[in-house]
Structures are given as C-alpha cells and as structure tokens.
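First up is the structure itself, then whatever we jot down about it.
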Amino acid sequence: MITSRSTYRQGFDPVSIKADFPILNREINGRRLVYLDNAATTQKPITVIEATRRFYTRYNANVHRGLHTLAEEATAALEAARREVAAFIGGVKTEEVIFTRGATESINLVAYAWGQHNVKAGDRIVLTQMEHHANLVPWIALAKRTGAELAYIPIDDNGYLVLDRLSEIISSKTKIVAVTHMSNVLGTINPIETIIEAAHARRALALIDAAQSMPHMPVDVRSLGADFVAFSAHKMLGPTGIGVLYGKESILADMEPFNYGGEMIGEVTYDHADWASLPWKFEAGTPNIAGAAAFTPALDYLEKLGMDNVRRHEHELTEYAIERLSLLDSIRILGPLNADHRGGAISFVDKDVHPHDLSQILDQHGVAIRAGHHCAQPLHRRLGLVSSARASFYVYNTRGDVDQLVYALKEARGYFGHE
Ligand code: 7TS
C-alpha cells in the first residue's frame, strides 16, 4: 500500500510498503531477510515486476522501426518512460533525457563524446576525493588520452568536502567539474549548488553523479543548473540495465555521438551519415525497452510516496541507526554523524572484526550488508582503510531492521571472541 504525499505521518508505513516487495518475504538462513544493501541496488515492487512480464507477454517489439501495433506500443512505452523521467527530475525537456545502461555509461558518454572534443593537454578536470570509480576512472582515462590534469577537492576526516580552496582548485584551466551528489561510502550530501556555481564562474561544465541522490531525495536538475546529471534505475526500484544521462540541450546539441549504428542516424549513404535529433543521437542500437517499460512504475511508486517523504523516512532511520551504532564501542562510523548532512548509506568498521567476516556472520542472521571498498578504493586509502562494511536503507526498511543489524553485529563480535 502506498500513500499520497500529504499523508506522511499517517500513511508512510514501511511495514505495508514491504508487502509490495515479494523478495522481502524470503527467509535467509532461517531468518527474515533484512535487506540493507540498497546503495548497491534496491529491490523491486510488484508493479515493476509485473510491467516486465506485461512487456514480454503483450507488446514485445523493437522501437522506432515498425508500423505494426506491437512496435507502436513498445515505442510508446519507451517514450512514456522518457517523459516520466523528464518530469521526475524537475521538468526538463525529453530531448535532454538520454537512456543509457546506467550511471556508469552516462558518465562514460560525457567523458568520451564531450571530453574527447573539449578537453586538451594542459586543461584541468576537477573531481573530489570521495568519488565512486564510475566518476573517477573515465576521467583518469580521459586525462591520459588528452594530457589534461586531474585535481581533487579534498575531504576532511569527518567526510565533508573542504571548500576553502575551491576557487583555486577550480582554476581557469578547468573544463569540467564532476562531483557526486551523495557519497556511496560516507553518505555525505555535498553542497553541489556551491560547486556548480564555482564551475560556471570559470566557464567550466558541472557533471553531477546522482546515482545515490536521485533515489533518496528530491533532485531538481533544472534549479541546480547542472550541465549533466547521471543516475541508474536499479537504485530507485527500477530494473537493472537502464539509466539516464540528463544533459542541457544546448550542450548535447553540439556534441558528437558516443556510439554509432542504427537508431541514431538521420540519412546514411555508403560514405556519409548524419545524426538523428536529440535524444536519439545518443541512443545507438536497440535500447532497453523492457527496462524502460518497468522504469515507469518504479518512478510512479516513488512519486506516490513523495520524494520529500522518502528523504524524511531515511533521515529518521539514519539518525536512529547512527544512535544505535554509536553505542557499540568497537564500531567507527565513516562520514558525517549528523543525519541532516547525509543519506542512509552508513559505512563502518569494527576495530576487531574484518568487514568480510562481519558480512558473512550477518548473513547467518538474514542481514544483507556490503563489505569491501564499494568501488571507492582511493577514498578508503584516504581514510586509512582497505575496506569497510556498509548498511544502506530504502523505503521499506524499518527500525526493526536496524535493531536486527545491531543485534547481528554483537553476535558477530561474540562469534570471534570479543565482548
Ligand atoms: N556513482 C555512485 C555514487 C554509485 O554509488 C554507483 C554505484 C555508481 C555511480 C555506478 O552505478 P551503476 O548503476 O552504473 O553501477 N554504486 C554501487 C555501490 O555503492 N555498490 O554497488 C554499486
């Protein structure tokens, strides 16, 4: 049962939300599944699962090519998803919504299709010390190809960006500033408005990695003024294999394509081709039509809950989890301790038990968390760590889930002979 925006207090009930997610009925090792790996991927409500089934049982066909009923319905589903995304992210034009395989591909698209033609030797690419590899490695590769340099906005020991030297780091040589909105390790919500403004003051572009923010809080890309925004459907109740690159129309219009082939062309001869209009110029080949068809109900679900309510629920849960985890002396939480400044991805280390061991013992208690470097090796090194454990929340998580996490952490310590 989902509720309208206005009835948060009476209506936002994660227990009844749980009932919409069949997988959450599973038992793992004889315990109720407590799924706390939402920063990696979220579970899917029945409406998303049904939409996938409906696509393949009712109107599977290729898009933009056929004139038969199924082709028209499949095309309509793809374009309806695009309209829904455009509305969800703040009312942008559909020309500005490009479907990709996910946030990773969205960022690679910019690093190639924009970067290759706009970044040259001696230019600067600015990132932060807390980036996921998806918003790091494509830029390292671009810097290597072009001879550009990389510069990093540093973090402090509490997991906040240090902005003191921002106008120095974003120098006049800077061509793009690519920053995560919410860290997948620290949970930190970054002051991206300030960073976008600083980038624009130097005539640099700003790319926002919204893989962790778009699913968890209202994000209005138009009012932020970002030039590019990347995110993935699978982290926001939708299917895997589809994501979005938002780009300002004027910038996308000037860019060369990323991939070449069918679907993205205007007119082709044996020795010449020109490109389709936006957004199809960037969507070569058969797109993930089934994915788009199932992305729409995921966005519907979040819209009905209301993104303000989603944020409020996770804020409350994060506050509770930090409070409970802070009572465990052996645990060090990474990132801000104030839930106002962070999302619900909480990474931590136990002074005695390795994150992989924690994760395995927690699994014995039905609790799914992540252990490792979470695709942020340089950040872990900066924190003096190799790996960490991470619990991350979503709409269906409850205080009971946090209690089960804390209980299982204590059990894990006991298993290894610690108090
Ligand atoms: N950016 C951030 C901030 C992320 O957290 C992730 C995925 C990505 C980009 C890449 O998204 P993808 O859908 O293209 O893979 N983060 C994680 C994680 O923290 N654990 O597994 C995937």
Side-chain angles (χ1 to χ4, degrees), residues 35-44 85 98-112 127-141 152-153 155 159 161 177-190 192 195 206-217 219 221 226 228-246 258 288 291-292 294-295 298 314 334-335 342-348 355-356 359 368-380 382-383 385 387-394:
Y35 185 77
L36 298 178
D37 195 14
N38 293 288
T41 198
T42 64
Q43 299 304 344
K44 320 304 172 199
V85 169
I98 296 158
F99 283 126
T100 63
R101 284 191 300 130
T104 302
E105 190 176 69
S106 300
I107 297 167
N108 274 282
L109 193 165
V110 177
Y112 276 91
L127 311 170
T128 79
Q129 285 184 336
M130 64 169 83
E131 298 309 316
H132 185 281
H133 294 166
N135 196 31
L136 179 59
V137 184
W139 304 114
I140 293 175
Y152 292 88
I153 303 171
I155 58 166
L161 288 180
V177 181
V179 176
T180 189
H181 193 182
M182 187 191 286
S183 165
N184 68 315
V185 176
L186 305 165
T188 319
I189 299 171
N190 289 321
I192 53 167
I195 295 169
L207 177 146
I208 301 304
D209 176 355
Q212 295 295 345
S213 59
M214 196 62 80
H216 300 284
M217 59 193 273
V219 179
V221 305
F228 297 110
V229 178
F231 58 99
S232 299
H234 71 94
K235 292 186 198 290
M236 48 198 304
L237 308 180
T240 53
I242 186 164
V244 172
L245 174 70
Y246 157 82
F258 176 39
N288 186 347
F295 194 9
E314 290 181 32
L334 311 181
R342 63 171 302 144
I346 306 180
S347 300
F348 54 90
H356 288 171
S359 176
I369 62 159
R370 189 85 159 181
H373 52 62
H374 321 304
C375 296
Q377 280 180 352
L379 172 60
H380 276 82
R382 161 67 185 80
L383 298 168
L385 300 167
S387 64
S388 60
R390 183 185 67 191
S392 51
F393 306 123
Y394 211 25

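Atoms within each ligand, like the ligands themselves, are counted from 1 in listed order. Start at 1 with the first residue, then count along the sequence.
- Contact annotation: the side chain of Tyr246 never approaches that of Leu207 to less than 4.5 Å [non-hydrogen atoms, C-beta and beyond].
- Taking Arg342 as the reference, nothing meets the salt bridge (Lys or Arg N to Asp or Glu O under 4.0 Å) condition, with sequence neighbours excluded.
- Contact annotation: the side chain of Asn135 never approaches that of Thr104 to less than 4.5 Å [non-hydrogen atoms, C-beta and beyond].
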May I have the N/O to N/O pairs between ligand 1 and the protein that fall below 3.5 Å, each with atom names and distance to one decimal?
{"residue": "ligand 1", "atom": "1 (N)", "partner": "Asp209", "partner atom": "OD1", "Å": "3.2"}
{"residue": "ligand 1", "atom": "1 (N)", "partner": "Asp209", "partner atom": "OD2", "Å": "2.6"}
{"residue": "ligand 1", "atom": "5 (O)", "partner": "Gln212", "partner atom": "NE2", "Å": "2.7"}
{"residue": "ligand 1", "atom": "13 (O)", "partner": "Ser232", "partner atom": "OG", "Å": "2.7"}
{"residue": "ligand 1", "atom": "13 (O)", "partner": "His234", "partner atom": "NE2", "Å": "2.7"}
{"residue": "ligand 1", "atom": "14 (O)", "partner": "Ala103", "partner atom": "N", "Å": "3.4"}
{"residue": "ligand 1", "atom": "14 (O)", "partner": "Thr104", "partner atom": "N", "Å": "2.9"}
{"residue": "ligand 1", "atom": "14 (O)", "partner": "Thr104", "partner atom": "OG1", "Å": "2.6"}
{"residue": "ligand 1", "atom": "16 (N)", "partner": "His132", "partner atom": "NE2", "Å": "3.2"}
{"residue": "ligand 1", "atom": "16 (N)", "partner": "Lys235", "partner atom": "NZ", "Å": "2.9"}
{"residue": "ligand 1", "atom": "19 (O)", "partner": "Asn184", "partner atom": "ND2", "Å": "2.8"}
{"residue": "ligand 1", "atom": "19 (O)", "partner": "Arg390", "partner atom": "NH1", "Å": "2.7"}
{"residue": "ligand 1", "atom": "19 (O)", "partner": "Arg390", "partner atom": "NH2", "Å": "3.3"}
{"residue": "ligand 1", "atom": "20 (N)", "partner": "Arg390", "partner atom": "NH2", "Å": "3.2"}
{"residue": "ligand 1", "atom": "21 (O)", "partner": "Arg370", "partner atom": "NH2", "Å": "3.4"}

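- Take Tyr394 and apply the ring-ring contact (aromatic ring centres under 6.0 Å, His included) test, not counting sequence neighbours, and it matches His216.
- Evaluation of the ring-ring contact (aromatic ring centres under 6.0 Å, His included) rule for His380 yields His374 as partners, not counting sequence neighbours.
- Using a 4.5 Å cut-off on side-chain heavy atoms (C-beta onward), Leu383 and Leu334 make contact.
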